[in-house]
Amino acid sequence: MTNEMLRAPAEVKYAEELDWLESIDDGPKPFSWRLSPRMVRLFVLGSERSDGLDREIPQKWFGDRSFVERSIVTLASDRGLLLIGDPGTGKSWLAELLSAAICRDSTLVVQGTAGTTEDHIKYSWNVSMVIAKGQSRESMIPSPIMTAMEQGMIGRFEELTRSTSDVQDALISILSEKYVSIPELDTDNTVFARPGFSIIATANSRDRGVNDLSSALKRRFNFVRIPVVTSKASEAEIVRFRTTELLRRHRIELDVPPALLDILLQSFADLRAAAASATSEDEKLESALSTAEQIGVLEDAILHSQFFGDRTLRAETLAGALVGSLARRAPEDLAILNKYWHGVVEPRSKHDGGEWTRFLDGGRQAISTLS
């Protein structure tokens, strides 16, 4: 089944693992949860030898254990969960994993945009059925959030601060009253949330000021702030994990040389340090330089090597992918990357040689082409 999907949701991708965890889980489960809180944590963070399991459960989200535990505790209460952090910190992936483990359905999602309306979080109508038979529960189209309420499941709201204040206000009553009224109907006109219903929302900390949350809505959420990964070892684990998934999905057999992974990680660390010391926005790359963007750079390089190279990942290809991905503004980003290549990569190439020399040449060529 997963082979027929471009991207299988977590509950499909890890279905066999979730079935096994459910079969051995004898812990107390809140509401209609499929797994106990301890098993949810184990599914997300992976097993350890001290867990005494007959099989290893791989780690799927890389971050502080306390963030996952606080998220699980929040969902076991009657409060919503808001995961907030910079782009690429794994907020959406954590939300998906939690939903998959708790209710085996992570697809009840509303995407917050400027065009998101109240209908997207409540309900709309099948116009042809309304014309033919009038308004009824059969002609009503429930939103993913309303479906989650009716089934006692987790609803997800991505990029909450991207939606307008009207939409955010509509969430207040859902989180507070736990029901939705349908004034168009005379009977059967209230949808009540079943036990187990909750909402996981995500917000980009860089969107502050776009559509800030009201104090009333903030009180309905427990905030879990997901920091940017600063540990090089942790970031390397994340990149390796996602790259392994990428190669499996594309059915590509290719080894990522450790030296090239080190170059990628070091380059992003250097560029982040330069951005932190910049005195104006023009001196910063438009890119957030997130872990997710590192994975994107590596994916581009791997696919280029597969389709247009000799199926060997090379430093020159990695450099071209990095420049191509991060040079979003011309000439500002190109000037920043050019300065980095001359001021950092070139001296490092002279000192270390090897892959850094080839990385230097590849980056120079890419910058020259784009300039």
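The figures that follow rest on heavy atoms only: side chains count, while hydrogens, waters and symmetry mates do not.
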Problem set entry | Qualifying residues under side-chain contact (heavy atoms from CB on, under 4.5 Å), relative to Pro30, sequence neighbours excluded |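 Here the qualifying residues are Trp33, Pro37, Ala76.
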Exercise. Listed by chain and number, what are the side-chain contact (heavy atoms from CB on, under 4.5 Å) partners of Lys178, not counting sequence neighbours?
Worked result: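 Scan of Lys178 (side-chain contact (heavy atoms from CB on, under 4.5 Å), adjacent residues dropped) gives Asp78, Ala193, Phe197.
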Give a yes-or-no answer on whether the side chains of [X] and [Y] include a donor-acceptor pair shorter than 3.5 Å.
{"X": "Arg311", "Y": "Ser305", "value": "no"}
{"X": "Glu56", "Y": "Ser47", "value": "no"}
{"X": "Gln266", "Y": "Asp270", "value": "yes"}
{"X": "Asp166", "Y": "Thr164", "value": "no"}
{"X": "Ser92", "Y": "Glu158", "value": "yes"}
{"X": "Asp25", "Y": "Ser36", "value": "yes"}
{"X": "Thr116", "Y": "Thr113", "value": "yes"}
{"X": "Thr147", "Y": "Gln151", "value": "no"}

Sub-4.5 Å side-chain heavy-atom contact between [X] and [Y]:
{"X": "Tyr123", "Y": "Arg137", "result": "no"}
{"X": "Ser325", "Y": "Asp300", "result": "yes"}
{"X": "Phe67", "Y": "Arg70", "result": "no"}
{"X": "Ser71", "Y": "Leu83", "result": "yes"}
{"X": "Leu98", "Y": "Val40", "result": "yes"}
{"X": "Leu271", "Y": "Leu326", "result": "yes"}

For this session: Would you please indicate yes or no on a ring centroid separation below 6.0 angstrom for Trp61 and Phe43?
Result: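 Here the rings of Trp61 and Phe43 have centres that are no less than 6.0 Å from each other.
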Exercise. Passes side-chain hydrogen bond (donor to acceptor under 3.5 Å, both in side chains), Thr190 versus Ser181? Steps please.
Worked result: CA-CA 5 Å; Thr190 306; Ser181 296; 4.6 Å; no
Does [X] have more than 12 heavy atoms from other residues, nucleotides or ligands lying within 6.0 Å of its [atom1]?
{"X": "Tyr179", "atom1": "OH", "value": "no"}
{"X": "Arg55", "atom1": "CZ", "value": "yes"}
{"X": "Arg328", "atom1": "CZ", "value": "yes"}
{"X": "Arg329", "atom1": "CZ", "value": "yes"}

For this session: Begin from the C-alpha positions of Arg194 and Glu150 and carry the test salt bridge (Lys or Arg N to Asp or Glu O under 4.0 Å) through to its verdict.
Result: CA-CA 6 Å; Arg194 292 181 56 193; Glu150 291 182 296; over 6 Å; no
For this session: Kindly determine whether Gln294 and Glu235 satisfy side-chain hydrogen bond (donor to acceptor under 3.5 Å, both in side chains), including the steps that lead there.
Result: CA-CA 9 Å; Gln294 283 192 67; Glu235 193 162 48; 2.7 Å; yes
Exercise. Is the Phe308 ring parallel, tilted or perpendicular to the His304 ring (thresholds 30°, 60°)?
Worked result: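 The arrangement is tilted - the two ring planes meet at 30° to 60°.
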Exercise. Taking it one step at a time, do Arg104 and Asp19 satisfy salt bridge (Lys or Arg N to Asp or Glu O under 4.0 Å)?
Worked result: CA-CA 10 Å; Arg104 297 296 287 266; Asp19 286 340; 2.9 Å; yes
Exercise. Only one of Lys60, Lys91, Lys13, Arg7 clears salt bridge (charged side-chain N to carboxylate O under 4.0 Å, His left out) with Glu96; which?
Worked result: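 Single pass found, and it is Arg7.
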